[in-house]
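Right, one structure below, let's go through it.
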Number of protein chains: 2
Amino acid sequence: MSLRHGLLGLLAEGPASGYDLARRFEDLLGAIWPAKHPQIYGELIRLAGAGHIAAAAEGPRRRKEYRITDTGRAELHRWLVEAPVDHSVRLEPLLRSLFFWTISPEELTDHLDREAAHWRETAARYRCHAAAADQDDGPRARAARVTAEAGVRLYEALADWAEWAKQAPPGR
Amino acid sequence: MSLRHGLLGLLAEGPASGYDLARRFEDLLGAIWPAKHPQIYGELIRLAGAGHIAAAAEGPRRRKEYRITDTGRAELHRWLVEAPVDHSVRLEPLLRSLFFWTISPEELTDHLDREAAHWRETAARYRCHAAAADQDDGPRARAARVTAEAGVRLYEALADWAEWAKQAPPGR
DNA sequence: GAGCGCATGTAAAGGGTTACATGATTCT
DNA sequence: AGAATCATGTAACCCTTTACATGCGCTC
């Protein structure tokens with residue numbers, strides 16, 4: 001249930017509408033913490049009910065802008081320093097790898113080629129994010145830089161793994 | 001919805017009961033694809049309904065053993081070579097890192113120390129899995145070895161990242 | 001005025017966890 | 001006899017996605 005705090009964190013950067021937040025989740029967070037608009041709108045209503053955020057202005061196309069409140073900021077801080085970190089991951093590609101012994105060497109090589117290419121591309125996207133964050137500085141950009149670095153390292157590691165797995169193939 | 005195929009894959013190794021499968025998900029797959037027993041029992045019933053598995057024997061403590069059927073094996077193969085891979089991850093620690101700019105340098109250092117230690121330990125656990133897989137060979141052990149290698153590389157990458165993040169701190 | 005993108009929502013269904021409940025066997 | 005472990009299941013709830021629905025404002 002980190003979406004709640006993800007929204008709070010984004011709103012700590014400045015006021016935004018549900019639509020804005022959905023777009024930011026799409027391109028900035030899509031690979032790390034996916035969230036679609038129905039969930040975001042629902043969570044915003046609950047956050048407002050809890051007093052963590054407040055509707056600020058009503059814009060042109062019935063656009064509702066939210067801003068974070070002081071109790072919201074406090075809750076964000078509490079989450080970051082006190083709440084236990086959820087270290088669970090869910091990686092379908094690794095689950096699949098356990099069953100590589102059931103497919104033929106040709107099918108496996110094919111699969112690993114496509115996987116490596118995919119991870120490599122994703123790593124490249126994070127390299128772009130990193131470069132963009134390097135442009136401007138200020139605390140927020142530096143935090144974004146740290147996140148982007150994680151993306152680069154993670155996806156490069158997976159790409160390297162897929163390449164390595166071709167060397168040591170568990171043929172059927 | 002890969003739990004279905006995860007169970008199918010484990011059953012491709014040999015017959016097992018829901019209890020067995022829950023235990024294997026706990027220690028072998030816990031960090032990669034968590035699944036609790038209620039979900040597993042439910043999915044087994046659905047898999048049996050689809051004809052992908054069949055109840056084999058009724059053991060001592062009303063233990064129900066399932067085995068994979070030919071259509072189940074075909075479905076597993078179809079999934080592995082045809083079904084699009086789900087590359088999404090959901091990493092709370094990376095989501096948190098985006099908001100590091102809201103906490104103090106001391107709080108951040110503390111946090112990153114604990115994170116690095118955690119990832120390092122997890123990597124060590126996967127090194128054990130890898131060593132164990134190296135002991136015996138055969139196709140299944142080699143596939144397990146490949147999965148373990150992914151764990152090692154992934155968690156080492158995250159540990160390295162946490163260490164690196166301390167060097168380049170995005171203080172508030 | 002037609003069509004597109006902005007903007008917000010609801011409903012239904014699926015996936016997953018937690019808590020509860022129970023029975024059978026083995027060990028001490 | 002009592003405790004621990006094996007073994008299966010149900011009910012309720014939460015999180016998330018997909019599909020459906022609608023209205024406003026801008027551009028051509």
Side-chain angles (χ1 to χ4, degrees), chain A residues 1-8 10-11 15-27 29-50 53-66 79 83-84 86-92 95, chain B residues 1-8 10-11 15-27 29-50 53-66 79 83-84 86-92 95:
Chain A
M1 206 227 351
S2 310
L3 173 66
R4 171 187 258 87
H5 296 102
L7 293 170
L8 226 38
L10 289 182
L11 285 171
S17 70
Y19 191 79
D20 295 340
L21 294 165
R23 284 168 57 82
R24 295 210 62 195
F25 262 90
E26 179 84 9
D27 53 60
L29 286 164
I32 281 173
W33 201 272
K36 312 287 181 189
H37 78 264
Q39 202 194 352
I40 289 171
Y41 286 119
E43 203 60 56
L44 284 173
I45 288 166
R46 255 166 281 153
L47 277 167
I53 63 175
E58 186 91 12
R61 296 142 161 148
R62 68 201 255 247
R63 168 194 169 92
K64 248 183 263 174
E65 216 173 47
Y66 290 96
W79 177 65
D86 174 8
H87 289 104
S88 68
V89 277
R90 210 175 217 111
L91 270 173
E92 208 209 64
L95 180 64
Chain B
M1 207 229 350
S2 310
L3 173 66
R4 171 186 259 86
H5 296 102
L7 293 170
L8 227 38
L10 290 182
L11 286 171
S17 69
Y19 191 79
D20 296 339
L21 293 165
R23 283 167 57 83
R24 295 209 64 195
F25 262 91
E26 178 85 7
D27 53 60
L29 286 164
I32 280 173
W33 201 272
K36 311 288 182 188
H37 79 262
Q39 203 194 350
I40 290 171
Y41 286 119
E43 203 61 55
L44 285 174
I45 288 166
R46 255 165 282 153
L47 277 167
I53 63 174
E58 186 91 13
R61 296 142 160 148
R62 70 200 253 249
R63 168 196 168 91
K64 249 183 263 172
E65 216 172 48
Y66 290 96
W79 177 65
D86 175 8
H87 290 103
S88 68
V89 278
R90 211 178 216 107
L91 271 172
E92 208 210 64
L95 180 64

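Here is how names work: the chains are called A, B, and so on, in the same order as the sequence lines, proteins then strands, and each is numbered from 1.
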Once you round it to whole Å, what is the distance between P of dC15(D) and CD of E43(A)?
7 Å
Mind calculating the distance between CG (D86(A)) and P (dC15(D)) to the nearest angstrom?
12 Å
Residues D86(B), R90(A): salt bridge by 4.0 Å N-O rule
no
Distance test, side-chain N/O of K36(B) to OP1/OP2 of dA19(C), below 4.0 Å
no
Using heavy-atom distances to pick each residue's nearest nucleotide on DNA chain D, tell me which of I45(B) and A35(A) is more 5'.
I45(B)
By the 4.0 Å heavy-atom rule, please label A22(A) as base, sugar-phosphate, or nothing.
nothing
Nearest heavy-atom pair of E92(A) and S2(B): which atoms, and what distance?
OE2-OG, 2.9 Å
The side chain of P34(A) lies closest to which of these nucleotides: dC26(D), dT17(D), dG23(C)?
dT17(D)
Select base, sugar-phosphate, or nothing to describe what R90(A) touches, counting heavy atoms under 4.0 Å on all strands.
sugar-phosphate
side-chain N/O Y19(A) vs dC6(C) OP1/OP2, d < 4.0 Å:
yes
Within less than 4.0 Å of OP1 or OP2 of dT8(C), is there a side-chain N or O belonging to S17(A)?
yes
Distance, rounded to the nearest Å, where R62(A) contributes CZ and dG9(C) contributes P:
7 Å
Could you tell me the separation between the CD atom of E58(B) and the C1' atom of dT8(D), rounded to a whole number of Å?
10 Å
Proximal nucleotide (of dC26(D), dT17(D), dC6(D)) relative to the R61(A) side chain
dC26(D)
Can you tell me the distance, in whole Å, between the CH2 atom of W33(B) and the P atom of dG15(C)?
11 Å
Does L21(A) reach the side chain of L44(A), with side-chain heavy atoms less than 4.5 Å apart?
yes
For the pair E26(A) and R23(A), find out whether any cationic side-chain nitrogen is under 4.0 Å from an anionic carboxylate oxygen.
no
Between OH of Y66(A) and P of dG9(C) the distance, given in whole Å, is 6 Å
Quick one: does R24(B)'s side chain have a donor or acceptor within less than 3.5 Å of a partner on L29(B)'s backbone?
no
Please determine whether a side-chain nitrogen or oxygen atom of Y41(A) lies at a distance below 4.0 Å from atom OP1 or OP2 of dG9(C).
no
Rounded to whole Å, the CE-P distance (M1(B) to dA13(C)) equals 17 Å
Between dT18(C) atom C1' and H37(B) atom NE2, what is the distance in whole Å?
10 Å
What nucleotide among dG25(D), dA7(D), dC15(D) has an atom nearest to a side-chain atom of Q39(A)?
dC15(D)
With the side chain defined as heavy atoms from C-beta on, P38(B) is closest, among dT18(C), dC6(C), dA7(D), to dT18(C)
